[in-house]
Amino acid sequence: MHQVKLADNIYYLGYNDRRTHLFENIWPIPNGVSYNSYLIDDEKVALVDTVERAFIDDYLEDIDAILEGRPVDYLVINHMEPDHSGALRAIVMKYPNITLVGNKKTFGFVEAFYMKPVNTLEVNDNSVLELGKTKLQFQTIPMVHWPETMVSYEETNKILFSGDAFGSFGTLDGGVFDDEINLEFYENDIMRYFTNIVGKYCPHTQRAIKKLAPLDIKMIGATHGPIWRTNLDWVLSRYNKWSTYTTDPGVVVVYGSMYGNTQKMAEVIARQLSVRGIKDIRVYDASKTHKSYIINDIFRYKGFIVGSCAYNNAMFPNVENLITTVQHMGVRDHLLGVFGSFAWNGGGVKNLMKFADSCGWEMVADPVEEKGALKAEKYQKCIELANAMADKILAE
Ligand code: FEO
């Protein structure tokens with residue numbers, strides 16, 4: 001296969017997954033995903049992370065092709081989630097004298113997922129591993145994405161091996177480096193990877209960005225998506241924006257509706273938002289659009305107006321699923337509106353209001369709830385809800 005190098009002695013070992021439908025068995029990946037590992041060939045040989053287990057055979061073969069029989073001395077484990085540690089056992093079996101490099105939280109995961117590790121090297125912040133002319137410095141970045149997560153900084157070429165940080169959904173279709181691809185094509189998948197996978201950990205991401213700021217970084221090799229060597233500011237500025245909950249002036253309107261009554265309220269609200277001059281309005285039926293995409297737009301836009309019919313005295317299940325995920329992710333600093341409909345004793349709006357009371361977002365107006373089909377009085381309330389949201393958005 002083509003050998004892709006980041007530097008004279010540093011190789012990209014990445015694999016494109018176009019078969020998996022759901023990443024983590026939750027998140028749709030219609031454009032696939034890549035799993036990126038890196039090999040440093042010096043007096044000592046080190047791998048930085050491995051790959052998903054479906055690619056073990058190709059991975060071992062490609063390592064052999066580079067090393068021509070020499071062993072791998074170190075496996076640096078930046079992150080233990082199985083999409084990157086999937087080949088760990090195979091690597092240890094093939095190179096039994098290998099030393100696993102991790103921090104104090106890493107090896108417990110190795111034992112829990114695979115085996116009791118034999119040869120280990122525990123590193124901490126600022127520890128340096130010398131491989132010959134290559135030196136790897138380590139920095140922990142806990143919860144970006146798991147507690148053990150760390151990055152490795154290669155000092156000669158100033159390459160940051162960043163784990164999930166700065167990663168992306170989407171396979172690498174020929175182009176591997178950021179300047180070989182059209183970033184516009186990847187932008188949504190880069191954001192969706194961040195919001196879906198790392199979005200719960202925005203404060204941790206901010207801490208990591210600040211911690212890594214003193215490093216002189218010329219290249220970033222993440223565990224998914226393109227290698228960044230030309231447009232580092234492009235991705236860094238976006239990560240900074242997303243992880244500070246900085247939003248654009250738009251509104252996401254989501255509804256759950258069985259017979260169209262709650263949907264009609266959503267249409268009225270969306271139209272009035274437009275009349276008031278809001279240009280970015282995204283209306284989603286929670287039964288049709290996967291929450292992956294809706295959450296991405298909730299991160300993107302300041303306003304969120306959510307509606308639910310009642311269902312068995314509760315929220316409509318697909319709205320409830322979305323709201324539960326938004327709560328788990330702890331999304332902050334949004335404007336909120338609530339609406340819905342019911343047939344006898346309600347449940348949709350009542351339970352949405354529990355979310356409203358707990359999320360810490362600003363409610364722009366009282367909730368609007370209709371019995372059955374939308375009628376004149378509640379139509380007007382929907383207009384007022386949209387106006388209140390538009391007033392806040394336009395005043396920002
Ligand atoms: Fe790509 Fe958290 O693993």
Side-chain angles (χ1 to χ4, degrees), residues 12-38 47-56 59 75-89 91 100-103 105-110 112-114 138-152 160-172 176 186 188-209 212 220-228 235 239 242-243 292 295-296 325 328-330:
Y12 164 75
L13 293 171
Y15 303 89
N16 289 314
D17 183 351
R18 298 186 181 88
R19 290 193 172 189
T20 300
H21 289 270
L22 296 174
F23 189 81
E24 294 182 340
N25 213 16
I26 305 173
W27 310 106
I29 44 172
N31 296 323
V33 67
S34 70
Y35 309 107
N36 305 342
S37 168
Y38 301 91
L47 287 168
V48 181
D49 290 313
T50 73
V51 294
E52 210 271 341
R53 62 185 172 185
F55 299 93
I56 287 174
Y59 186 54
L75 170 57
V76 175
I77 304 169
N78 280 339
H79 183 23
M80 271 300 297
E81 192 167 8
D83 51 334
H84 311 297
S85 64
L88 186 151
R89 196 201 314 267
I91 290 291
L100 304 186
V101 182
N103 57 70
K105 295 190 176 153
T106 309
F107 303 118
F109 282 109
V110 175
F113 277 73
Y114 301 106
F138 304 101
Q139 300 291 340
T140 57
I141 54 166
M143 303 317 300
V144 189
H145 160 221
W146 278 16
E148 88 303 355
T149 310
M150 65 179 192
V151 298
S152 308
L160 183 74
F161 298 106
S162 63
D164 281 342
F166 314 113
S168 175
F169 289 141
T171 50
L172 295 173
V176 171
Y186 280 88
N188 207 48
D189 267 343
I190 293 168
M191 182 174 184
R192 205 163 55 85
Y193 182 81
F194 174 79
T195 59
N196 292 185
I197 308 301
V198 191
K200 178 175 173 61
Y201 305 110
C202 287
H204 305 79
T205 304
Q206 272 296 299
R207 281 198 280 279
I209 288 171
L212 301 177
I220 297 175
T223 46
H224 304 283
I227 298 169
W228 301 91
V235 70
Y239 258 68
W242 302 331
S243 60
S292 166
I295 284 166
N296 201 48
T325 307
H328 285 172
M329 288 188 165

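Counting starts at 1 for both ligands and their atoms, following the listed order. Side chains are part of it too, since the values below use all heavy atoms of this structure and drop only hydrogens, waters and symmetry mates.
Separation of the Phe169 and Tyr193 ring centroids falls under the 6.0 Å cut-off.
Its N, O or S atom nearest to atom 1 (Fe) of ligand 1 is what matters here, and for His224 that atom is NE2.
Note that the CG atom of Asp189 and the CG atom of Asn296 stand 9.0 Å from one another [nearest 0.5 Å].
With sequence neighbours left out, Tyr38 forms a side-chain hydrogen bond (donor to acceptor under 3.5 Å, both in side chains) with no residue at all. For Ala222, the side-chain contact (heavy atoms from CB on, under 4.5 Å) criterion is met by Ser162, not counting sequence neighbours.
Residue pairs meeting the salt bridge (charged side-chain N to carboxylate O under 4.0 Å, His left out) criterion with at least one member in residues 12-29, sequence neighbours excluded, are Arg18-Asp173.
Less than 2.8 Å away from atom 2 (Fe) of ligand 1, the protein contributes these N/O/S atoms: His79 NE2, Glu81 OE1, His145 ND1, Asp164 OD2.
There is no side-chain donor-acceptor pair under 3.5 Å between Thr50 and Tyr59.
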